[in-house]
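Presented below is the structure to which this report refers.
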Number of protein chains: 2
Amino acid sequence: MRLNDLDERIVHALAEDARRSYADIGAMIGLSAPAVKRRVDRLRAEGAITGFTVRVDPAALGWETEGFIEIYCSRNTSPEAIKRGLARYPEIASASTVTGEADAIVQVFAADMRHFEQVLERIAGEPYVERTKSVLVLSPLLRRYAAGPPDGPDPEPSEAAAPR
Amino acid sequence: MRLNDLDERIVHALAEDARRSYADIGAMIGLSAPAVKRRVDRLRAEGAITGFTVRVDPAALGWETEGFIEIYCSRNTSPEAIKRGLARYPEIASASTVTGEADAIVQVFAADMRHFEQVLERIAGEPYVERTKSVLVLSPLLRRYAAGPPDGPDPEPSEAAAPR
DNA sequence: TATGAAAACATCCAACG
DNA sequence: CGTTGGATGTTTTCATA
């Protein structure tokens with residue numbers, strides 16, 4: 001797979017505003033709308049672009065408390081098992097297995113401290129979780145691209161999803 | 001500002017695919033297309049939705065190495081100073097000040113380990129940084145919403161931004 | 001292999017009920 | 001909030017380099 005300069009500029013234009021029309025993007029980079037669409041289609045087929053998503057202000061949606069939870073798992077817990085276990089939490093925005101002492105780092109958005117604590121306790125109670133260590137976000141400094149996913153649409157555990 | 005169930009479902013539908021048509025979203029939640037658009041417009045005006053962006057596979061774009069860097073700052077370093085200092089790094093995808101021992105957690109995407117090390121060393125060399133602690137991401141498990149930004153358009157990956 | 005032009009189709013969106 | 005219809009965007013087809 002080869003990404004040339006035009007592809008990069010298309011991705012860049014979409015990163016700024018994913019709902020821009022192909023004609024607009026084409027005008028920005030000197031291509032016609034169909035040409036842009038063909039490249040976007042190719043980028044999606046190749047997996048370079050994995051989707052389009054909305055940028056939300058968690059606080060405006062009532063998710064005012066953000067934190068990171070490090071998870072320490074019992075041995076022989078596969079990444080897939082962790083993923084399946086965590087996918088049920090709508091409060092989890094991202095999760096990754098990592099090097100170092102912890103096995104995974106999970107980013108959580110909760111309505112408030114009480115809600116955050118509930119999520120933390122539920123995660124800590126998962127059978128494969130031995131212990132956790134968490135920090136709260138004081139203030140977000142930078143938020144740029146959305147990375148990933150390989151992530152199926154909508155785990156949707158329902159409930160607990162309507163703060164405020 | 002009040003978000004009801006319909007608004008949440010709209011945001012959810014857009015989080016899955018921000019280029020879905022208003023008619024499709026309307027069909028999902030039992031509303032007409034114009035009604036959906038009016039709500040999306042209102043959510044944008046209120047700041048709940050801050051934009052639309054593309055989801056990229058960093059590896060496909062040549063950014064194969066991801067990690068988190070905890071930053072321990074010298075005293076009396078303001079969050080604004082940290083933000084200004086970090087904003088110059090195109091490799092930083094997100095950064096937040098946090099509770100606990102570290103002052104900030106920074107998410108970094110680099111082309112490879114060598115590039116990651118360079119970024120780490122440059123950050124560690126910032127005048128306000130006393131020490132750092134970093135972990136590498138082994139595998140991303142979940143990637144959902146894009147949070148934020150308050151972040152001007154175009155961090156401009158510029159140079160250093162074309163691996164492969 | 002990649003492009004632009006054009007046509008058919010779908011979506012958007014302001015005005016109205 | 002739903003419906004309408006003109007404007008706009010999308011996507012396929014086709015011809016060209």
Side-chain angles (χ1 to χ4, degrees), chain A residues 1-57 60-62 145-146 149 153-154 158 161-164, chain B residues 1-57 59-62 145-146 153-154 157 161-164:
Chain A
M1 175 190 329
R2 210 25 216 104
L3 292 191
N4 64 20
D5 183 56
L6 285 172
D7 294 322
E8 298 231 2
R9 293 171 71 186
I10 290 173
V11 171
H12 199 254
L14 287 171
E16 275 181 19
D17 180 3
R19 290 193 71 113
R20 259 203 264 259
S21 74
Y22 295 131
D24 281 355
I25 298 169
M28 295 169 75
I29 66 176
L31 235 47
S32 69
V36 174
K37 182 195 185 298
R38 276 190 290 261
R39 280 173 180 268
V40 172
D41 287 345
R42 201 197 71 229
L43 289 168
R44 295 197 66 158
E46 285 169 345
I49 290 177
T50 59
F52 302 94
T53 191
V54 65
R55 259 181 223 273
V56 299
D57 175 0
L61 290 167
Y145 294 83
D154 208 5
S158 69
R164 303 223 146 158
Chain B
M1 173 190 327
R2 196 50 200 92
L3 291 191
N4 63 22
D5 183 57
L6 254 31
D7 293 322
E8 297 231 2
R9 293 171 71 186
I10 289 173
V11 170
H12 200 254
L14 286 171
E16 277 181 17
D17 180 2
R19 289 193 75 112
R20 253 202 268 259
S21 73
Y22 294 129
D24 281 355
I25 298 168
M28 295 170 74
I29 67 176
L31 235 48
S32 70
V36 173
K37 184 196 184 296
R38 279 192 285 261
R39 280 171 181 267
V40 171
D41 287 345
R42 201 196 71 227
L43 290 168
R44 295 199 67 158
E46 285 169 346
I49 289 177
T50 59
F52 301 93
T53 190
V54 65
R55 261 181 220 272
V56 299
D57 175 1
L61 289 167
Y145 296 81
D154 207 6
R164 317 221 136 160

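The structure displayed is predicted, hence computed values, not measured ones. In what follows, every heavy atom counts, from backbone to side chain, and hydrogens, waters and symmetry copies are set aside. Labels below follow one simple rule: chain letters A, B, ... track the order of the sequence lines, proteins then strands, and each chain is numbered from 1.
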*Value rounded to 0.5 Å, distance of CG in B/Asp17 from CG in B/Asp24*: 9.0 Å
*Determine the minimum heavy-atom distance between A/Ile29 and A/Leu6, stating which atoms define it.*
O-CD2, 3.9 Å
*Do B/Val11 and A/Val56 come close enough that some side-chain heavy atom pair is under 4.5 Å?*
yes
_Check: A/Arg19 side chain, B/Ala18 main-chain N or O, donor-acceptor pair, under 3.5 Å_ = yes
*Return yes if a side-chain donor-acceptor contact under 3.5 Å exists between B/Arg9 and B/Asn4, otherwise no.*
no
*Sub-3.5 Å donor-acceptor pair from the side chain of A/Thr53 to the main-chain atoms of B/Glu16, do we have one?*
no
*Give the minimum heavy-atom separation between B/Thr50 and B/Arg44, together with the two atoms involved.*
O-NH2, 4.4 Å
*Once you round to the nearest 0.5 Å, how far does CZ of A/Arg38 lie from OG of A/Ser32?*
6.0 Å
*What one-letter contact string describes nucleotides 1-17 of chain C from 5' to 3', where B marks a base within less than 4.0 Å of any protein heavy atom, S marks contact via sugar-phosphate atoms alone, and - marks no contact?*
--BBBB----SSSB---
_Rounded to 10 degrees, the angle between the two terminal axes of the helix from C/dT1-D/dA17 to C/dG17-D/dC1, each from five pairs_ = 30°
*Provide the start and end nucleotides, 5' to 3', of the part of DNA chain D that has atoms under 4.0 Å from heavy atoms of chain B.*
D/dC1 to D/dT10
_For a quick test of reading the model, state the closest non-hydrogen atom pair linking B/Ala48 to A/Ala60 and the distance between them._
CA-CB, 3.5 Å
*Within 45° of the ring axis of A/Phe52 and under 6.0 Å from its six-membered ring centre, is that where the NZ or CZ of A/Arg20 lies?*
no
